[in-house]
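Below: the structure, in structure tokens.
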Amino acid sequence: LELKLKSLEDRIPKKYPDVKYLNYKNRKRILITGGAGFVGSHLTDYLMMQGHEIIIVDNFFTGRKRNVEHWFGHENFELIHHDIVNPLFIEVDEIYHLASPASPPHYMYNPVKTIKTNTMGTINMLGLAKRVGAKVLIASTSEVYGDPEEHPQPETYWGHVNPIGPRACYDEGKRVSETLSYAYAKQENVKVRVARIFNTYGPRMHMNDGRVVSNFILQGLQNESIIIYGNGKQTRSFQYVSDLVDGLVALMESNYTQPVNIGNPVEHTIEEFAVIIRDLVGGKSKIRSTAAVEDDPQRRKPDITRAKKYINWEPRVPLKIGLEKTIEYFRKELDRSNHSQRN
Ligand code: NAD
Ligand code: UDP
Ligand code: UDP
């Protein structure tokens, strides 16, 4: 019995991270859909530390309780297991609508569900916002630009998306999500903010989510070959998750209602990226390439003039610093899963 009690004690967090005290007037009730996911959990941490009340709604498709367990039991925190494709009736001041699978293998796993989440789910969140008068921020994506013909991509670019390709469930789902936001804004006076998020990485990314950062780091740490899809000349621009969180909050708090790109404009080819990660991990991985994936966007880099001008935001974390933190996280996760497999 003593042993059992001891192990229980170990699981109870010693202390919550320091939270600001806000009086009732300044404290907001904030709903974060998809709050148990990678980005949502970091946003939860930030807003909890600011002293707000946070309600997370998540169906745990890719999210994990572990990402937010350090808040369990805190009086400002609530976690609701709910699928946003179904209506939700609660009272809140702000909604950060992040619920949606985000990595290609996850959103392609059940394309119909991805479309339902981004259309019916978004309608429900806009309907909720309309009823209670809440402000909504929609997590859109650089994928609305598809395989872009304009480079870098400004928000005025309409995009180049294959409407029936393998990525369409996500790309078109997010495009409709934007269309719905502006329809509710115009017709129902809902206050909307639209963030077009570019590739983001950091701790709490899902180990098996198949995105390039997690794949390359895991392959590097395990001394396996780093596998590039295609010739590696395609480019991406990666932002660290804390920069994204700052951008989302700045956009929510601003008066700016048009879509805003939130991303880091430092662009690399995937080939360069493989070398950077291999060298940072310090392993002996070989870099190999395999067949290209269908409809893979060839170049992507945000034009962030709008973000700088209207929400006074720009990314601050350099790639190497962000990658080091992410590698450290994955090292621990690997140890943890190796350990649990041994037991
Ligand atoms: P993630 O998969 O870690 O988080 C998504 C969360 O939404 C998960 O917790 C998942 O369980 C939840 N969810 C999915 N469908 C749901 C449903 N029907 N009902 C309730 N919850 C549901 O992904 P992420 O990287 O944190 O992405 C968050 C948001 O940001 C997504 O909307 C994504 O499209 C957008 N985004 C992310 C990136 C990126 O690089 N990470 C880039 C562009 C846009
Ligand atoms: N909705 C919700 N929570 C609310 C209010 C509405 O989930 O607090 C859902 C509602 O079930 C509806 C959707 O949001 O399916 C759109 O709401 P809206 O008021 O625009 O449409 P209507 O109810 O008139 O069809
Ligand atoms: N990619 C790769 N190897 C991997 C995973 C991805 O070469 O193991 C490539 C992929 O083809 C794409 C880029 O890396 O060109 C970014 O892929 P990711 O899935 O991370 O994001 P997205 O394509 O949605 O930007």
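Start at 1 and go down the list; that is how both ligands and their atoms are numbered. For the single chain, residues carry numbers from 1 onward in sequence order.
Residue contacts with ligand 3, taken as heavy atom pairs separated by less than 4.0 Å, involve Ile227 solely via the backbone atoms N, CA, C and O. If you look at His206 next to ligand 1, there are no close heavy atoms at all, none under 4.0 Å. Neither the backbone nor the side chain of His106 has any atom closer than 4.0 Å to an atom of ligand 1 (non-hydrogen atoms only). Neither the backbone nor the side chain of Gln298 comes within contact range of ligand 3; no heavy atom lies under 4.0 Å. Contacts of Asn215 with ligand 3, taken as heavy-atom pairs under 4.0 Å, involve the side chain alone.
Ligand 3 lies less than 4.0 angstrom from a heavy atom belonging to Arg300. Between Phe273 and ligand 3 there is no heavy-atom distance shorter than 4.0 Å. Heavy-atom distances between Pro104 and ligand 3 reach below 4.0 Å in at least one pair.
In terms of polar-atom proximity, Gln234 is counted as a contact of ligand 3, with an N or O under 3.5 Å from an N or O of the ligand.
By heavy-atom distance, the residue among Tyr96, Tyr170, Phe60 lying nearest atom 36 (N) of ligand 1 is Tyr170. Of all the listed residues (Thr122, Asp58, Val39, Val85), Asp58 holds the heavy atom that lies closest to atom 9 (O) of ligand 1.
Atom 29 (C) of ligand 1 has its closest protein heavy atom at Leu98 O, 3.3 Å.
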